[in-house]
There are 4 protein chains.
Amino acid sequence: MDAKQILIMESAKKSFSLFGYKGTTMDQIAKIAGVGKATIYTFFENKEVLLHAIVQSLVAEMKAVAQQAIDQEQTTHERIHRAIYGILLFRKEHELLIQLSHEVQQYGNQVAQQALTSIEREVIDFMSQHIERAVSSGSMKPCDPKITAFIVFKMYVALVFDWEQHEPPLTDEKISELLNLYLMNGLAIS
Amino acid sequence: MDAKQILIMESAKKSFSLFGYKGTTMDQIAKIAGVGKATIYTFFENKEVLLHAIVQSLVAEMKAVAQQAIDQEQTTHERIHRAIYGILLFRKEHELLIQLSHEVQQYGNQVAQQALTSIEREVIDFMSQHIERAVSSGSMKPCDPKITAFIVFKMYVALVFDWEQHEPPLTDEKISELLNLYLMNGLAIS
Amino acid sequence: MDAKQILIMESAKKSFSLFGYKGTTMDQIAKIAGVGKATIYTFFENKEVLLHAIVQSLVAEMKAVAQQAIDQEQTTHERIHRAIYGILLFRKEHELLIQLSHEVQQYGNQVAQQALTSIEREVIDFMSQHIERAVSSGSMKPCDPKITAFIVFKMYVALVFDWEQHEPPLTDEKISELLNLYLMNGLAIS
Amino acid sequence: MDAKQILIMESAKKSFSLFGYKGTTMDQIAKIAGVGKATIYTFFENKEVLLHAIVQSLVAEMKAVAQQAIDQEQTTHERIHRAIYGILLFRKEHELLIQLSHEVQQYGNQVAQQALTSIEREVIDFMSQHIERAVSSGSMKPCDPKITAFIVFKMYVALVFDWEQHEPPLTDEKISELLNLYLMNGLAIS
DNA sequence: GATGAATGAGACTTCATTCAT
DNA sequence: AATGAATGAAGTCTCATTCAT
C-alpha cells in the first residue's frame, strides 16, 4: 500500500477521533497529512469511503490481535484471557472512531459493526469448544456450551471493562476469583 | 407543555431516527410536523438544542419506567425483572437516537450519557441492598453486594438483550433457569 | 396624535440611535414601548415608514427651534447666534439618527436631507437680508449678500461645531473675536 | 494583489454604491464579478470584511491623491488648491460608500472615519506651516496658524463643494477673489 | 383596537468535490 | 502524479409582516 495513502489514513483517523466525522474537513486532513487536498481524492473516492477504509483497517488490526492471542502456545485459560483482553484494549482505544461510522449512514455501516461482532463470536466459538470438551470430560456440569461461552465472555467484559468506567479497576487476581465465585461455585449455600 | 412543541419534537425524533442528525434538515422536520420552518425556532433555539431536548425527554421517560417498576407491589424478583426489562426495552427502541447525540458534540453530551447510566446505577443500587440483606440473613454466600448486583444486571442484560441480537431469544423460564445455574449453583462439580 | 403612537416613536428613536436601523428589530421596539408587536403596524405601515416619521418629527422640531430663535426680541447678532446654535445643538444630538436614513434608501431619503438643509437656508436667508441692509447703509463693504451669509454660517459652524471635534472648544468671546478678525478686518496688513 | 480579488472589490463597490450594504447580496456581487459566490469567501471572510477592505482601499487612494498634490513642484497656493480639490473630488465621488460603513457597526467604523479626517488634518497641518511662515515674515497679521488653516480649509470646502450643492458653481477666479475678500481684506470699511 | 403566534422569503456561510495547470 | 483555486448545492437561521383571536 502506498505510504502516502497510509499517511492520509493516519491523519484522518487522528482528526476524526478529535473532532468527529462532520467536524473534520478535507482541508484539515490534508493539512495534517501535509498533502494537497485533491491528493486525498486520488486514493479515496469519498470522505465516506475514507472513513470506511479506516474502520476496516481497524477491524483487521483487531482481528489480528485476537487471532494472535489464540494461536499462541499457552494454557487455554491464558489464551482466552489474552484474546478477550486484546479485543477490549482495542475497543477501548478506538471506540470513538467506531461510533463515528454511525454519523455517516444509519444502517449502512452494519458491515463494520458485524465485522467487529464476528471477531467476538470467533472468540466465543473458541471458548465454546473448550467448554464442550470440559463437559464431556466431566470437569464441568452439563450446560449449553454456546450460551455458557457467551456468558463467560460478557462477564469478563463486564468485570474488566465496564466496571472500571465508574469504579476503581479490579486486579487480575480479583477478577479471576470473582469469575470462579460467580460461575463455578455459585452463590448458593450448599 | 405546548402541544405544538410536542408535535415538533415527535416529528424531529422520527426524522432523526430515520436519517440521523446530519441527515435531517429543519425543512424536513417542519414538513413532517406540518408547521412553518421558522415555527421550530420559536420553541427551540437551535437544531442542536432540539436534539438535546428530545434526548432529555427520552431519559426522563426511561427513568419513569424504571422507577414505576421498582415502586410496584410485587415480589422483589419480579420488581427487578420489570425494572431491568423496562430499561432494556426502552434502550432497544431508542438506542439509535441516543447514539446520535455523539454526532453533535464529542464530549459535550456526557450529560445525557451519564443520565442514562445513572438510571442503571439506581437499579443496581436497589438490587445491591437486597443482596446485602440476603447475605446477612445467611441465604446467600458472603460477597461484595455492589459487584454482585452489577454482575447480575450485566448477566441479565446479556441473556435478555444481547443474546437475541444473533440467536433466537430465550424464554423467561430459560433465563431464570440459566441465572440460577450460573450464579447460584455454579458450574463446578461439587 | 395618539399617545401610543408617540410612545412607539420614542422607543424606536432610542433603539435606532443605539443599534442602528438594521440592528433594531420590531420586537425590540415593541418591548421597549411595552406594546404588542402588531400594534406598531396599526400606526406605521412599515419599519421604513416608522423611521421616516421619526426623521420628519426631528426636522420639524429643529425648524421650530430655529424659528423661535429668529422670532425672539433681541439684537440681530444675538438672534443669529441663537438660531445657528440651536441648529447645531440639535444636529449634534441627532446626527446619528439622520445618518440612519441612508441605511434605508440611498436616494429615497433626500426628502429628509433637503428638509434639514432648507432650515439652514432659511437661517441663511434671514442673515442675508440683514447683510443686504448693512451694505446699503454703508456699514459693510459691497458684497454678494447670499454668499456672504453662507460663508458666515459655514464659518460659524466650523468654529463652534467642527473645531471641537478634535480640539478643545473655543469660548464664545474667542469665537466672536475670530469672526471679527477673519471676516471683518481680514488678515492682510494694510 | 490578485486580479480576481480586485475584480471582486470593484464589483462589490459598484453594487454597494448602487444598492447600499443591506441592499447588496453576495449573489449579486458574484454575478457582477462573474465568479461563483463561494469564490468571494476565498478572499474575504465576511460581507463585512469585504466592505471594510473597500473602504480602506478608498482611504488609501485618497491619501495618495492628496500627498501627490502636495509633493508636486508648484506654487504653494497651487499645491494647497490641488490637495484640497483632490480630497473634495474624491469625497464627492465616494461619500456614499463611506457612509455605508455606518450600516455595519455604529461605532466600530471610526477607524475609517478617523483615517479620512486624518488626511484632512495633514493637509491642514501643511497649510498651517505656511501660514506660520507668512506671519513670521510679516506678510500676514499675527494669528493662530492652526485655527487659521482650519478656517481656510473649511471656507474652501464651503465655496467649492457645499455651495454648488444648491447654487450654480463658482469659477476658480471667483473663489480666489472671495477668499481674498473675506479672509485677507475683510468686510469692514476701513 | 390590540396582540403574539406563525411563517415565507431570503440571507449568509460552509464544504465536498472537480479540473486546469 | 499532485495540487489548490474555484464553486454549486445545500443548510441554518433571521425577521418583517400578517391574521385569527
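Values in this document were obtained by computation on a predicted structure and should not be read as measured data. First the proteins, then the strands, lettered A, B, ... as listed; each starts at 1.
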Closest-nucleotide 5' rank along DNA chain E - winner of D:Thr24 and C:Lys37: C:Lys37

Reported NZ-to-CG distance for the pair D:Lys63 and D:Leu58, which is rounded to 0.5 angstrom: 14.0 Å

Euclidean distance, atom CG of residue D:Asp27 to atom C1' of E:dC12 [Å, nearest integer]: 10 Å

Candidates E:dA16, E:dT3, F:dT17 - which lies nearest the side chain of C:Met26: F:dT17

Touch class at under 4.0 angstrom, heavy-atom based, for C:Lys4 against every strand present: sugar-phosphate

Test: B:Lys47 cationic atom under 6.0 Å from B:Tyr21 six-membered ring centre, within 45° of axis: yes

Pair assignment for F:dA20, Watson-Crick or G-U wobble, requiring both distances under 3.5 Å: E:dT3

Rounded distance in Å - NZ (A:Lys31) to P (F:dA2): 21 Å

Under 4.0 angstrom between C:Asn46 side-chain N/O and F:dT17 OP1 or OP2: yes

Distance in Å, A:Phe16 CZ paired with A:Ile29 CD1, rounded so as to fall on 0.5 Å steps: 4.5 Å

Any donor-acceptor N/O pair, A:Thr39 side chain to A:Val35 backbone, under 3.5 Å: no

Distance, rounded to the nearest Å, where B:Ile8 contributes CD1 and E:dA5 contributes C1': 11 Å

Length of the CD-C1' vector between A:Gln28 and E:dA16, whole Å: 14 Å

Nucleotide F:dC15, atom C1' - distance to OH of C:Tyr21 in whole Å: 12 Å

Of the listed nucleotides E:dT17, F:dT17, E:dT13, the one nearest the side chain of A:Tyr41: E:dT17

Check: B:Ser11 side chain, B:Leu7 main-chain N or O, donor-acceptor pair, under 3.5 Å: yes

Closest-nucleotide 5' rank along DNA chain E - winner of B:Gly34 and D:Glu45: B:Gly34

Rounded distance (Å) that lies between atom P of E:dT18 and atom NZ of A:Lys47: 15 Å

Listed nucleotide nearest any side-chain atom of A:Thr25, set E:dT13, E:dA16, F:dT12: E:dA16

Spacing of D:Gln5 atom CD relative to F:dA5 atom C1', expressed in whole Å: 13 Å

Closest nucleotide among E:dA6, F:dA16, F:dT12 to the B:Phe43 side chain: E:dA6

Between F:dG4 (P) and D:Asp2 (CG): distance, integer Å: 15 Å

Listed nucleotide nearest any side-chain atom of C:Ala38, set E:dT17, E:dT13, E:dG4: E:dG4

